[in-house]
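Since the structure comes first, as structure tokens, the remarks are kept for the end.
The chains referred to below are lettered A, B, ... by the order of the sequence lines, with proteins before strands, and numbering in each begins at 1. The structure displayed is predicted, hence computed values, not measured ones.
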2 protein chains.
Amino acid sequence: MAAPDPIADARRNWEEHGWADVAASMAAITAIMRTQQILLARIEGALKPFRLTFARYELLALLSFARSGTLPMNKASALLQVHPTSVTNAVDRLESAGLVARSPHPTDGRTTLIELTAEGRTLAKSATAVLNTDVFGKSGFASEDIDELIRILGSFRRNAGDFTDD
Amino acid sequence: MAAPDPIADARRNWEEHGWADVAASMAAITAIMRTQQILLARIEGALKPFRLTFARYELLALLSFARSGTLPMNKASALLQVHPTSVTNAVDRLESAGLVARSPHPTDGRTTLIELTAEGRTLAKSATAVLNTDVFGKSGFASEDIDELIRILGSFRRNAGDFTDD
DNA sequence: GCAATATACTAGGACATCCAAGGGTTTGGA
DNA sequence: TCCAAACCCTTGGATGTCCTAGTATATTGC
């Protein structure tokens, strides 16, 4: 009836095959991968009733916090840290659902602005409430561990060039 | 020239909109998502010369550690913690590349065994060496932080039902 | 022994991500 | 002024993941 930890198994395999020096690092990275998978599944589950995926939700949330309620596509791509084509894809679907609208940039003909519709704003608010209550509010992390995670992962991301201190 | 941290921005937004109680949790979870994205990109980059993706590499590595060099599809699905159709997909491509082979289970007609070919075993070994040297060996995590991550994420995964202590 | 239930794998479809390439718009240096 | 380089978005293609069926094989219970 035992359900052993596949990551602990992998670590043992690494150690037994001459890679003991990187076994812990491998285990930590694999654990991050798996944790992300679990969290993403929870998030997608919470968003399902809203007919939203996490990618689309993130875009809606980003727009809802923008002062003007609009953002250029490339800005959204940079802030969400995803490929521009992923934003195109998300906007296509959100636009079909009537949650956002595209409009040309007033002065730069290359740029397209994304704008939240009233319906999009309402849905973003509802989805955020559910996400906060059902996922973030019940993450399963101890609160000291949350601070540790933010510190460790923040250090990693800064080191990876994800952002710089101004 | 500042490149502020998008996650810190999001956390501020959360706090300013009445969700201060879950803002830290949101930030930690978002950081996990982003860290996974960065790590996955590194891994895929390291595997590119081998014409392998991470999903396919994981399957090869798993097979290379199996005593007999073979595993039933359902076993692989359970150990990799992915959907059975994902394994079907990976095996299809690995089989096309001549790295694994399917064979019927000797006693259970429902089951298909995946077997590593000689070529697959060689490639797995080379890819592992590169991954260990270029990714796991240069993760960018402090070694005390690696232990912390393993502890925190291990606790989370156990809590999430990912595994049980025997 | 045979029908009902359970298990294993695969086919088809929806989504998301990235890369490569193409067409339109701006910008900046000759 | 004018054209090349830079920038922005979209299309098309490859992968991967999951879900929902559907087919085939095993196991169970009466």
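In this structure, B:Ile32 and B:Phe156 have side chains that are not in contact, with every pair of non-hydrogen atoms separated by 4.5 Å or more. At a threshold of 4.5 Å between non-hydrogen side-chain atoms, the residues B:Leu52 and B:Leu94 count as touching. A 4.5 Å side-chain heavy-atom check between A:Leu60 and A:Arg56 finds every atom pair outside the cut-off. Side-chain contact check for A:Thr53 versus A:Glu44: some heavy-atom pair is nearer than 4.5 Å. Within the 4.5 Å cutoff, the side chain of B:Ile38 has heavy atoms near those of the A:Arg157 side chain. Looking only at side-chain heavy atoms (C-beta outward), A:Glu115 and A:Leu63 stay at 4.5 Å or farther from each other. Put simply, the side chain of B:Asp162 does not reach to within 4.5 Å of the side chain of A:Asp5, judged on heavy atoms. A:Thr112 places none of its side-chain heavy atoms less than 4.5 Å from the side chain of A:His105.
The environment of CZ in B:Arg158 is crowded: more than 12 heavy-atom neighbours from other residues, nucleotides or ligands sit within 6.0 Å.
Note on residues 135-145 of chain A: pairs passing side-chain hydrogen bond (donor to acceptor under 3.5 Å, both in side chains), not counting sequence neighbours, are A:Asp145-B:Arg151.
Within 4.0 Å of A:Thr85, counting heavy atoms only, lies at least one base atom of the nucleic acid.
A salt bridge is absent between B:Glu16 and B:Arg12; no separation between the charged side-chain nitrogens and carboxylate oxygens falls under 4.0 Å. Using a cut-off of 4.0 Å between Lys/Arg side-chain N and Asp/Glu carboxylate O, B:Glu15 and B:Arg11 are scored as salt-bridged.
A donor-acceptor pair shorter than 3.5 Å can be found between the side chains of B:Asn132 and A:Trp14.
Taking the 5' to 3' direction, DNA chain C first and last meets chain B under 4.0 angstrom from a heavy atom at C:dT7 to C:dC18.
Of all the residues in residues 87-100 of chain B, B:Thr88 reach under 4.0 Å from DNA chain C with at least one non-hydrogen atom. Near DNA chain D, meaning a heavy atom under 4.0 Å from it, residues 119-132 of chain B has no residue at all. Contacts between residues 70-80 of chain B and DNA chain C, defined by a heavy-atom separation below 4.0 Å, involve B:Met73, B:Asn74, listed by number. Residues from residues 26-65 of chain B that place a heavy atom under 4.0 Å from any atom of DNA chain C, listed by number: B:Gln37.
Residue-to-nucleotide contacts include no donor-acceptor pair under 3.5 Å from the side chain of A:Thr111 to the base of D:dC9.
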Before giving the answer on side chain to side chain contact (heavy atoms under 4.5 Å, CB included), spell out for B:Ser25 and B:Ile29 the whole-Å C-alpha distance, their side-chain angles and the decisive distance to 0.1 Å. CA-CA 6 Å; B:Ser25 180; B:Ile29 289 173; 4.0 Å; yes
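The distance from atom OG of A:Ser64 to atom CG of A:Leu59, rounded to the nearest 0.5 Å, is 10.0 Å.
Both B:His83 and A:Pro84 lie near DNA chain D, and the one whose nearest nucleotide falls closer to the 5' end is A:Pro84.
Residue A:Ile114 contributes atom CD1, which lies 13 Å from atom C1' of D:dT10 at whole-angstrom precision. For the pair B:Gln81 CD and D:dT17 C1', the computed distance is 15 Å after rounding to whole Å.
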